[in-house]
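Right, one structure below, let's go through it.
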Amino acid sequence: MALGPRLDIRQSQSLVMTPQLQQAIRLLALSNLEIETFISGELEKNPLLEAPAAGGEDGPMSDLPDFDYDAGNGELAVQAEEGGADALIAQGMGAADSPLDVDYSAETFIDDGPGDRIASAERSLGSGGMESGGGYSEDGPDFDSFANPEGGLHEHLLAQAGAKLSGMDLVIAGQLIGQIDDAGYLEADLLQTAYDLKVPLAEVERVLAVIQTFDPSGVGARSLSECLAIQAKEADRYDPCMARLLDNLDILAKGALPHLRRICGVDEEDMADMIQELRGYDPKPGLRFSGESAPAVVPDLFVAPRGDGWAIEINTATLPRVLVNRSYYVELAGGAHDKASKAWLADCLASANWLVKALDQRQKTIIKVASEIVKQQEEFFRKGVAHLRPLTLRMVADAIEMHESTVSRVTSNKYLSCARGLYELKYFFTSSIQSADGGEAVSAEAVKSQIKALIGAEDPKKILSDDTLVDMLREKGFDIARRTVAKYREAMGIGSSVQRRRQKLLGSRAA
């Protein structure tokens, strides 16, 4: 065979990750609220897409029938179609894919205050009381928009400083207040502050003493001891014994009460009264002025019993809907266009049709995965967490004949609401613990629930050690090692037997 360069023609087949398929894969990992943000961007880019009017019944989402899981035959009322996205993932081509990044911090909301709106409304009202211009809408003022959060800690302190201080003292107070954190503690270096403002250190300390008299009590402290001391002074409970107690909070945290009584020079009854007094103080006084609140988790799915089975529905209140405006496409296509314009219009139509289809396929896939989870964990929904079964992504993927990575994407950032509460879909996937009697394995979450119940019911005079917990769990049929009990206990934020004994001792003494 002669060696030399030559040209060969070969024909082969392969799967290609087009941008549309990548988009369909990414949509699976997004929650309903994230989908809404994504669709808002698509509506701005594609003129052929439009959101249906509020309360309308049109749209691809409303045309889908209900999805029910029947416990009697274990079948879905509507089976999800096998999409191209899952077929590609099955070939391992979606491993490098990552969910879409949603930058919520990029949005800025600017609104006038209620006073400005009232003044604007008064100027726009005519003699007959009818609105003649800007201001409120025809439905009247939006009183919900008046519920602005109260001023923060810094604004509250600056208002008090303006009423009590003036001149250079007010300037110093402004510098110090600006360096108080959300918990109410001062993070400033007084010597550096005095050097920056070119004032004596005694002046800065004097202004700080005034700030420490402001509301809330304990604000402006530089340590926990100082914060509690300020509150004790305001309550007229700051005596030498209390001062020594506050100087030795580390000993109090260890629960060494006999040693602490000798330091403070008090008996057991007085020590209990002092500890009870400390429990009434606020270690982080500034947090009560925090205007930030944790956002509520919005469920993506609802599960409710229906007959012998379960009804599984997607939360349509947060699921955005989108339509393809074909009449607008016909109007645009009927005009005179060059080749580039026609190609752009065809791309817009193809992109719009694909998005509607991808959202439809996403909904069917989520319902299909959720139905299998409910089928596998039916005992949990009927009897509670103690009956949670071990479950893995592969078990669900094999049951519904999808790829494991598809199930992983579907269960990410999705929450399920049922009669027992709100749970993330990932919650139902837990490792297994072998049964002590050789029976069926149990879920790790069920074991954690048992550990929490045993510790919650323990006698304060007889704290359960990890070895005792192991023996009690084995009596209940859980074959578990001591290190596993310690790991689960620490994961739930429960202290060791020594720590729990000290905490309950302090609680009984304070009571």
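Here the structure is a predicted model, which is why all the values come from computation and not from measurement.
Annotation: side chain of Tyr427 is in contact with side chain of Leu388 (closest heavy-atom distance under 4.5 Å). Side-chain contact between Asp182 and Leu153: absent, with no pair of heavy atoms (C-beta onward) separated by less than 4.5 Å. Counting heavy atoms from C-beta outward, Met395 and Pro390 have side chains that stay 4.5 Å or more apart. Residues Val396 and Phe429 form a side-chain contact, since some pair of their non-hydrogen atoms from C-beta on lies under 4.5 Å apart. The shortest side-chain heavy-atom distance between Glu458 and Ile455 falls under the 4.5 Å cut-off.
Note on ring orientation: taking the six-membered ring where Trp is involved, the planes of Phe428 and Phe380 are perpendicular (angle over 60°, cut-offs 30° and 60°).
Under the 3.5 Å distance criterion, the side-chain polar atoms of Glu155 are matched with a main-chain donor or acceptor of Gly152. With Arg489 contributing its side chain and Gly495 its backbone, the two residues share a donor-acceptor pair below 3.5 Å. When atom types are taken as modelled, the side chain of Gln231 and the backbone of Asp282 share a donor-acceptor pair closer than 3.5 angstrom. A distance-only check finds no donor-acceptor pair linking the side chain of Lys357 to the backbone of Ala352 [under 3.5 Å]. Panel note: side chain Arg420, backbone Arg382; a donor-acceptor pair is recorded below 3.5 Å. Under a 3.5 Å cut-off, the side chain of Asp300 and the backbone N or O of Tyr415 do form a donor-acceptor pair. No donor-acceptor pair under 3.5 Å is formed between the side chain of Asn315 and the backbone N or O of Phe302.
Listed by chain and residue number, nothing satisfies the side chain to side chain donor-acceptor pair (under 3.5 Å) test with Lys254 (two or more places apart in sequence, or in another chain). Applying the salt bridge (charged side-chain N to carboxylate O under 4.0 Å, His left out) criterion to Asp467, with sequence neighbours excluded, gives Arg482. Listed by chain and number, the residues in a side chain to side chain donor-acceptor pair (under 3.5 Å) with Asp347 amount to none (sequence neighbours excluded). Legend: residues meeting side-chain contact (heavy atoms from CB on, under 4.5 Å) with Ala304, ordered by chain and number and at least two apart, are absent. Applying the ring pair (Phe, Tyr, Trp, His ring centres under 6.0 Å) rule to Tyr281 yields no partners; only residues at least two apart in sequence or on another chain are considered. Under the salt bridge (charged side-chain N to carboxylate O under 4.0 Å, His left out) criterion, Glu36 pairs with no residue at all, not counting sequence neighbours.
Of all heavy-atom pairs spanning Pro283 and Leu224, the tightest one is CB-CD1, 3.8 Å. Between Arg362 and Lys414, the shortest heavy-atom distance links the atoms NH2-CE, 3.7 Å. Residues Pro47 and Tyr328 come closest through the heavy atom pair O-CD2, 3.7 Å. For the residue pair Leu464 and Leu454, the shortest heavy atom distance occurs at CD1-O, 3.7 Å. Across every non-hydrogen atom of Gln363 and Ile314, the tightest pair is CG-CD1, 3.1 Å. Closest non-hydrogen pair, Ser408 versus Leu393, comes out as CB-CD1, 3.9 Å.
Here Leu359 contributes atom CG and Trp354 contributes atom CH2; the two are 11.5 Å apart, rounded to the nearest 0.5 Å. Here the straight-line distance linking atom CD of Glu44 with atom CD1 of Ile39 works out to 12.5 Å at 0.5 Å rounding. Between Ile373 atom CD1 and Phe381 atom CZ the span is 8.0 Å, to the nearest 0.5 Å. Interatomic distance, Thr484 OG1 to Leu469 CG, rounded to the nearest 0.5 Å: 12.5 Å. Annotation: the span from Ile25 atom CD1 to Thr406 atom OG1 amounts to 7.5 Å, rounded to 0.5 Å. Distance check: Asp360 CG to Leu355 CG gives 11.0 Å after rounding to the nearest 0.5 Å.
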Next item on the list: Decide yes or no on side chain to side chain contact (heavy atoms under 4.5 Å, CB included) for Met402 and Glu372, but give the supporting numbers first.
Entry: CA-CA 12 Å; Met402 283 189 175; Glu372 182 61 27; over 6 Å; no
Note to self: Working note: Glu379 + Arg389, criterion side chain to side chain contact (heavy atoms under 4.5 Å, CB included); need CA distance, chi angles, decisive distance, verdict.
What the structure shows: CA-CA 8 Å; Glu379 291 298 314; Arg389 296 177 51 191; 5.6 Å; no
Next item on the list: Apply side chain to side chain contact (heavy atoms under 4.5 Å, CB included) to Ile35 and Leu27, showing your working.
Entry: CA-CA 7 Å; Ile35 285 288; Leu27 290 180; 3.5 Å; yes
Next item on the list: Go through the steps to decide whether Ile251 and Leu257 satisfy the test side chain to side chain contact (heavy atoms under 4.5 Å, CB included), and finish with yes or no.
Entry: CA-CA 8 Å; Ile251 300 179; Leu257 296 183; over 6 Å; no
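Residues Thr468 and Asp471 have side chains that never bring a donor and an acceptor to within less than 3.5 angstrom of each other.
With Leu48 as the partner, the side-chain contact (heavy atoms from CB on, under 4.5 Å) test is satisfied by one option alone out of Leu323, Asn353, Leu345: Leu345.
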